[in-house]
Amino acid sequence: MTVRVRFAPSPTGYLHVGGGRTALYNRLFSQGRGAFILRSDDTDQARSTREFADDILESMRWLGLTWDEGIEVGGPHGSYRQSERIERYGEVADQLVAAGHAYHSFATAEQLDEFRKAAQAAGRSPAYDGRFRLDDDEIARRLAAGETAPIRFAVNRPGETSFDDIVRGEVSFDHAQVDDFVILRSDRSPTYHLASTVDDVDFGITHVIRGEDLLSSTPKHLLLTKAMGAEPAVYAHLPLLLGPDGTKLSKRHGHTAVNAYRSAGFLPEALLNYLAILSWSPGEDEELVSLSEMAERFRLEDVSRSPAVFDVTKLEWMNGVYIRELGAAEFVARSLEFVEDDLGRDLDEDEMKAFAGMAPLVQERAKTLAEVGPQLRFLFAASVSYDPTSWEKVMMQPEAMTAVSAACTRLAELPAWDAESIETTLRSMLDEHGMSARKGLQPIRVAVCGSAISPPLFESLELLGRERSLQRLADVAQQLG
RNA sequence: GACCCCGUCGUCCAGCGGUCCAGGACUCCGGCCUUUCAAGCCGGCAACGCGGGUUCGAAUCCCGUCGGGGUCACCA
């Protein structure tokens, strides 16, 4: 049996990491078993924007979550944008009315509001039970008179809808909890429930994998599907992503957009891996898995049922692991834009060489690509800017002056300028003055790199070049003297 | 408030009736390495929410309770 799943974001915001995980799980589930479809649930014209729509596609591609059918790649089911299928939803709504599954509702906002308040106060379900529904003749009369009204689905009560959710098991809802929900607004635009269900049916979706926030909407979708005379999909509701404080992940917890992680220097494979591991385990105490390994082992039945806290710290660790696994050239290629961003300009040819030489050294200590720029700033910036804390801590030491000026004179006499010779020279200088490497090298580091935290010193000196190195040492020696 | 879902270290995940005085990862704390910072390696702290059952035996099954989350729009 071939499977058909979809990811259907609304372009009313950037692709959220939670959405990214949902897309990933859909993709993993369908891998090798069927099709992964990307659809745009853009019925909310007021809140949808082109920018968000573009961001979703771009973020999906950046993550490497390719789709088999849908937006931009096309497919046999016509448009994959709901905004282009409006007539179809109206048509279905009319059919449902004709078949007695739905009706034009003339209940006023006030009536509904009052009903809900009263129900709530009495400790009953606030779901609208259709009590203000008019008889067919009256409805026809009002419609004929030119009045407009939304179409509501007529939920049968008493009744119950239950389904077997792949991750949650048997779930059931009493129809007293399901309201006569609007499927078509008075302006004949479809609501989410209608559009989404119609598309799932029309596109032959076999499995709906989505967030748990939609769990209580599922009976509506099932009722609609049945009323349309279609075979219902199998549902799987994923646990929600939470912020560190245990509430639904939102902007106030930090970054939620996939693109924010991209610009913060995260690797897509790391983010994907982390997202996968959040509510699922590849087993065998393993955590680092590639997309293809995930696809091989992924089973919806193994997805966790409890919500997961999104922990950036662990993501950072994982990103560091992925960065270190990159080939040297790959690392250079991927981090270049961050270096140039940090610098505010492009690197020239010589700088590219220095960058390539230094790259392996920063690669093993970076958790994000965004850290690469600041770590190499000393190498490319015209003048060093000294970190006050480092200066305070190191240059105020008694041996600072001696170390810097001795290094300056000894290095000036050095015939060759390579890390090895530099190291030999500086170590003999250290011996001469009876200084430990710890005490003696730090002032030199700060003088040259501007900070007590830097890539390895000797290589830094080599790549910075004789002239600039000596210049910086001399400048600092003068300041200290 | 009603309904639904969930409940193992601070966090994520493993465990699916005995092999668990509970395992892995991140964080944190030590140590080693070391020119700084990282990385790496070694070690440590740290959990089955609570109460009843069922059973020879429960983290694992049942009930209750408490706690957390979600949904209750002519938004998706």
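Below, chain A is the first sequence line, B the second, and so on; all start at residue 1. No experiment lies behind these values; they were computed from the predicted model shown.
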Interatomic distance where [atom1] belongs to [X] and [atom2] belongs to [N] [whole Å]:
X: A:Leu278; N: B:A14; atom1: CG; atom2: C1'; result: 15 Å
X: A:Asp431; N: B:U35; atom1: CG; atom2: C1'; result: 14 Å
X: A:Glu316; N: B:U27; atom1: CD; atom2: C1'; result: 11 Å
X: A:Phe458; N: B:U36; atom1: CZ; atom2: C1'; result: 11 Å

Is any side-chain N or O of [X] closer than 4.0 Å to OP1 or OP2 of [N]?
X: A:Arg168; N: B:C4; result: no
X: A:Lys220; N: B:A73; result: no
X: A:Arg124; N: B:G1; result: no
X: A:Arg324; N: B:G40; result: yes

Sugar-phosphate, base or nothing in reach of A:Ser196, heavy atoms under 4.0 Å: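 Contact class for A:Ser196: none.
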
Quiz item: A:Ser186 side-chain donor-acceptor pair to B:C74 base, under 3.5 Å: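 By the distance-only test, yes, there is a pair.
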
Under 3.5 Å donor-acceptor pair, A:Arg365 side-chain atoms to B:C37 base atoms: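 Such a pair is found, so the answer is yes.
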
Separation between OH of A:Tyr192 and OG of A:Ser217, rounded to the nearest 0.5 Å: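 Going from OH on A:Tyr192 over to OG on A:Ser217, the span is 6.5 Å.
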
From the set [options], return the single nucleotide nearest to any side-chain atom of [X].
X: A:Ile277; options: B:A76, B:U36, B:C12; answer: B:C12
X: A:Glu287; options: B:G24, B:A76, B:C13; answer: B:G24
X: A:Asp44; options: B:U27, B:G7, B:A76; answer: B:A76

Nucleotide forming a Watson-Crick or wobble pair with B:C45, both distances under 3.5 Å: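 Matched B:C45 with nothing under the 3.5 Å cut-off.
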
Side-chain H-bond candidate by donor/acceptor type, A:Arg81 with A:Ser40, under 3.5 Å: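 Distance-only check fails for A:Arg81 and A:Ser40.
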
